[in-house]
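Nothing fancy with the numbering, it's 1 onward along the sequence.
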Amino acid sequence: MVNQSRQARVAIRYLAIGALLLCIPAQEVFASEPWAFTAPIRRRVQADFDTAPLIDRASKLYTQAQQAFFSNQLAEAQTFIQQADAVAPGSPLILGLAGRIYNNTGSYGLALEAWNALLDQFPGNPVFLAERAGTLFLLKRNDDAQKDIRRATRTAPADLTVRYFQLMAAIHDNDTAAARRVSASLTNPEILEIAKRLYLERNIIPAMSRENGFAEFARALFALPDSANADTAVPEIIAQLTALIEPMGQSNWAAAIPHLQKIRATGAAYPSLYYDLALCAYLVAPSDKRLDDLEKFVSGENGRAFARYFIYLCLYGGDFTRAKRTLDTTLQDAEDEEITLIRAAIAYENPESDEAWQILEKIPLALRPATEDWFARNIPVIRALKSNPNLQRWLAGEPIHAITR
């Protein structure tokens, strides 16, 4: 997770193409904790390319192509993107949009050329591998598509574009269980991103996967019952998740609950829906019973992916005992840098002890600057750790001989 945070700070430069690949406005990607404690850790892999802004005519044509594509004016989008490519050949921004447009206009050969050109520039990039897999599915080169998905997943299993095509591959293989495993750990913001792309590309999903692939994808993503009508459920869920951004961002839990309930009324039963509903209910009217129910959920198979978020909630409330119990129950084998930071925060319940700093020493010196985002969390114990003078010594790799009293 810390590695991902470090990548994210560098990746701000690459935001435009990352947002494009999932069809969301760029400003939404790195919103700061808009979904309470279910806010996703930065989960976007970016290509290391020169993102000098497109200038003059190329920029105008690119913008026109993007607007036409998102408005489903596909013929116009293809004309504009071809003109943009002629003005600025080889631009990653233009090639990324071109690949998406060509898929949707049936120009699969041109789409494949775009992804191949991007992979020539950035070999092994997981986002472009995943995107190429979609085109390969459209070309009925299913084995090659699956190989690209496997390569992308090994490199960036949490990236949302990779997740989108993991789901696509599972639906293609009629493996509903695998599809639900992929979607089970997605937070509501991530669900929204993927749902927007799913709905935008609903006309080509059957060609990428199966005849009823759109409905199967929607059922797997939202845990919808077989009786649900995906054509009506998907836009309703997108509308409610979009409407949820403002109340969640303002910590208006009571106003958020009706939107979550309307999503549930579609038949959706995916894990992050339950977590956010239970979380909002607890924050509106805190009780030990509601906190116990949340702990039970994250300790079970369906909710285990949300254990980290629940631990942050416990730390926010100063419930170190519950935080440690949840950590030991659900994440006892995890050894990533975020878990090390969480263990240190729990140990810092007693700031007079050296234990937190001993735990933090496990993080290599080269990775310590990447913890900046983590220490910026608005959680009392993390703020206390950040304000301790020993933190600067730790960041610099200096020995910590005694705790500052």
Side-chain angles (χ1 to χ4, degrees), residues 1-24 29-30 40-51 92-93 95-97 99-100 103 111-138 141-173 175 178-179 181-187 189-190 193-194 197 208-209 221 305 308 333-339 363-364 366-367 370 373:
M1 291 291 187
V2 175
N3 284 330
Q4 291 167 347
S5 295
R6 178 178 58 180
Q7 291 170 349
R9 293 202 310 275
V10 176
I12 295 296
R13 294 170 50 225
Y14 313 139
L15 190 56
I17 196 165
L20 165 66
L21 294 177
L22 270 162
C23 289
I24 57 175
V29 177
F30 293 132
I41 301 300
R42 297 345 187 212
R43 289 186 176 183
R44 188 172 300 286
V45 172
Q46 305 293 343
D48 186 15
F49 48 69
D50 180 8
T51 55
L93 281 174
L95 287 174
L97 180 56
R100 293 286 307 282
N103 276 350
L112 185 59
E113 288 179 12
W115 304 126
N116 285 341
L118 284 166
L119 286 163
D120 285 342
Q121 292 185 55
F122 316 107
N125 178 271
V127 172
F128 299 142
L129 282 170
E131 292 285 0
R132 185 172 70 177
T135 300
L136 291 170
F137 275 133
L138 290 168
R141 291 172 53 182
N142 300 331
D143 290 344
D144 291 335
Q146 295 285 9
K147 288 178 184 176
D148 275 355
I149 290 292
R150 288 193 293 270
R151 288 180 61 195
T153 302
R154 284 195 298 269
T155 305
D159 181 83
L160 294 188
T161 301
V162 175
R163 288 282 187 95
Y164 179 81
F165 285 104
Q166 275 185 288
L167 277 160
M168 194 76 69
I171 299 302
H172 180 276
D173 289 347
D175 192 343
R181 285 195 298 271
V182 171
S183 61
S185 63
L186 295 171
T187 63
E190 294 167 331
E193 290 189 28
I194 290 179
R197 175 159 186 174
M208 275 190 187
S209 56
L221 181 62
R308 295 179 193 236
D333 296 327
E335 296 294 341
D336 57 82
E337 287 79 20
E338 187 190 24
I339 288 297
I363 297 180
L367 298 183
D373 286 348

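Residue Arg163 comes nearest to Val182 through the heavy atom pair NH1-O, 3.3 Å, listed as atom of the first residue, atom of the second, then distance. Between Arg308 and Glu338, the closest heavy-atom pair is NH1-OE1, 2.8 Å. Ala305 and Ser185 make their closest contact through CB-CB, 3.4 Å (heavy atoms, listed as atom of the first residue, atom of the second, distance). Minimum heavy-atom separation, Ile171 to Ala179: CD1-CB, 3.9 Å. The shortest non-hydrogen separation linking Ile363 to Glu337 is CD1-O, 4.1 Å. Across every non-hydrogen atom of Pro157 and Gln166, the tightest pair is O-OE1, 3.8 Å.
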Open item on the list: Show, in sequence, the C-alpha distance, side-chain angles and deciding distance for Arg197 and Thr161, and conclude whether the side-chain contact (heavy atoms from CB on, under 4.5 Å) test is met.
Closed with: CA-CA 10 Å; Arg197 175 159 186 174; Thr161 301; 4.1 Å; yes
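Here the side chains of Leu136 and Asp148 are in contact, with some heavy-atom distance below 4.5 Å. Taking 4.5 Å as the limit, every side-chain heavy atom of Asn142 sits out of range of all side-chain heavy atoms of Asp173. Trp115 is listed as a side-chain neighbour of Asn103, based on a closest heavy-atom distance under 4.5 Å. Contact check for Met208 versus Phe165: side-chain heavy atoms found under the 4.5 Å cut-off. Here the side chains of His172 and Ile149 are not in contact, with every heavy-atom distance at 4.5 Å or above. At least one side-chain heavy atom of Leu95 sits under 4.5 Å from a side-chain heavy atom of Gln121. At least one side-chain heavy atom of Leu186 sits under 4.5 Å from a side-chain heavy atom of Leu221.
Between the side chain of Gln146 and the main chain of Asp143, no donor-acceptor pair closer than 3.5 Å is present.
Here the OG1 atom belonging to Thr135 is positioned 12.5 Å from the CG atom belonging to Asp144, to the nearest 0.5 angstrom. From Asn125, atom CG reaches atom CZ of Arg132 across 11.0 Å, with rounding to the nearest 0.5 Å. With values rounded to the nearest 0.5 angstrom, Ile339 atom CD1 is found 8.5 Å from Glu335 atom CD.
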